[in-house]
Amino acid sequence: MPIKEESFRIGSGRYVQGPGYLEKTWDEIRRLGTAPLIIGGKTALAIARGQIESSLRAGCKKYEFITHTGTCNEPRAKELAQLAEEKGYDVIVGVGGGVICDFAKLCGHFAQLPVLTIPTSSATCAAYTPMSIRYTPEGKTVGSLHFDHEVGGVIADTEILGRQPVRLLLAGIFDALAKFIEIKQRFTEETKDYPIGLNYAYTMAKASYALLTGITEKCIRDLEKGEITQDVEN
């Protein structure tokens, strides 16, 4: 009998997606707090900062942008957690790819603050998952840290994601396809009494696999033309 899960962290507290959704940044932040510490990669902030800041000016009185170019590491995460406490920030926002999203979650963990992620790449599921993959500042693998809570929210602006290289879209697609391959290994002919959560996960992974294998080639062509079609949204 597989081990029964003690809790289900379904994903994120809230997920919003669509073109131009960076305009909703302040609306999503203020569900979680009033003073965000916004952490992003250099390229991600170059792309998204203007729209984020424009949204914040609608009502946010206090915020700060931090550019992070290193690994997802604990020493720097603890430094920023302390900064958030000293300056009175009450929500962490991560803007960027997988490393930044993992790093923002790690900062939020040490600061004991809610986290909102704004992915600029769909190459990983880091914006959504309740865990961070950690490294040393020098880049040596440390291991994963699983959290007992979900990400507070995700904003997926498809105009921003539509600018990513096709290779990043494909990386995310293959990451999603792998979920079905992985979960199939937990099922055997001998064992029939599975937790209902595992069965639901299997069903969702199978449906995603079928969807993605059917639309990927078209999505590549659409993205290359800069078109955010319904298939790309899906």
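None of these values were measured; they are calculated from a predicted model.
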*For atom NZ of K42, is the number of surrounding heavy atoms from other residues, nucleotides or ligands below 6.0 Å larger than 12?*
no
*So, E23 and Q51: side-chain donor and acceptor under 3.5 Å apart, yes or no?*
no
*Drop me the distance from L80's CG to I66's CD1, to the nearest 0.5 angstrom.*
6.0 Å
*Say whether Y128 and L145 are linked into one hydrophobic cluster, either directly or through other cluster members, by side-chain heavy-atom distances under 4.5 angstrom.*
no
_Sub-4.5 Å side-chain heavy-atom contact between S132 and F147_ = yes
_Main chain of G50, side chain of S54: is a donor-acceptor contact present, judged purely on distance under 3.5 Å?_
no
*Does any N or O in the side chain of N73 come within less than 3.5 Å of the main-chain N or O of P137, such that one atom is a donor and the other an acceptor?*
no
*In terms of hydrophobic clustering (I, L, V, M, F, W, Y; side-chain heavy atoms under 4.5 Å; direct or indirect links), are I181 and L212 co-clustered?*
yes
*Does T124 offer a backbone N or O that forms a donor-acceptor pair with the side chain of D175 under 3.5 Å?*
no
*What about L32 and F65, same hydrophobic cluster or not, with Ile/Leu/Val/Met/Phe/Trp/Tyr joined at side-chain heavy-atom distances under 4.5 Å?*
yes
*Interatomic distance, E53 atom CD to L56 atom CG [nearest 0.5 angstrom]*: 7.0 Å
Return all side-chain donor-acceptor pairs below 3.5 angstrom for residues 93-105, not counting sequence neighbours, or 'none' if the list is empty.
from : atom 1 : to   : atom 2 : distance (Å)
D102 : OD1    : K105 : NZ     : 3.1
D102 : OD2    : I133 : N      : 3.2
K105 : NZ     : A126 : O      : 2.6
K105 : NZ     : T129 : O      : 2.7
K105 : NZ     : T129 : OG1    : 3.4
K105 : NZ     : M131 : O      : 2.6

*In Å and rounded to the nearest 0.5 Å, what is the CG to CZ distance from L223 to R221?*
12.5 Å
*asked:* As a quick check of understanding, evaluate side chain to side chain contact (heavy atoms under 4.5 Å, CB included) for L45 and T67, giving each step before the final call.
replied: CA-CA 8 Å; L45 289 183; T67 300; 3.6 Å; yes
*Is T158 reaching over with its side chain to a backbone N or O of L161, donor-acceptor style, under 3.5 angstrom?*
no
_Less than 6.0 angstrom from the centroid, inside 45 degrees of the normal: does K87 satisfy that with respect to the ring of Y89?_
no
_If the threshold is 4.0 Å, N to carboxylate O, is there a salt bridge linking E79 and R76?_
yes
*Under the 3.5 angstrom rule, does the side chain of D157 hit a backbone N or O of P19 as a donor-acceptor pair?*
no
*Once you round to the nearest 0.5 Å, how far does OG of S55 lie from CD1 of I29?*
7.0 Å
_Heavy-atom closest contact (C125 atom, K179 atom, distance)_ = SG-NZ, 4.1 Å
_If we ignore hydrogens and angles and just use 3.5 Å, is the side chain of D90 paired with the main-chain N or O of T34 as donor and acceptor?_
yes
*Side-chain donor or acceptor of T117 paired with backbone N/O of P119 under 3.5 Å*: no
*Any side-chain heavy atom of T229 sitting closer than 4.5 Å to one from D222?*
yes
*asked:* Among R30, R31, K24, exactly one meets side-chain hydrogen bond (donor to acceptor under 3.5 Å, both in side chains) together with E28. Which residue is that?
replied: R31
*Given R14 and V154, is the side chain to side chain contact (heavy atoms under 4.5 Å, CB included) satisfied, shown in steps?*
CA-CA 6 Å; R14 181 171 161 87; V154 180; over 6 Å; no
*Roughly how far apart are F174 CZ and L169 CG, rounded to 0.5 Å?*
10.5 Å
*In one Ile/Leu/Val/Met/Phe/Trp/Tyr side-chain cluster, 4.5 Å: L177, L211*: no
*Do I160 and I38 share a hydrophobic cluster (ILVMFWY, side-chain heavy atoms under 4.5 Å, transitive)?*
yes
_Value rounded to 0.5 Å, distance of CD1 in I118 from OH in Y21_ = 14.0 Å
*Using the six-membered ring of F110, assess whether NZ or CZ of K78 lies under 6.0 Å from its centre and within 45 degrees of the ring axis.*
yes
*Kindly give the heavy-atom pair with the smallest separation between I183 and A201, and that separation in Å.*
CD1-CB, 3.5 Å
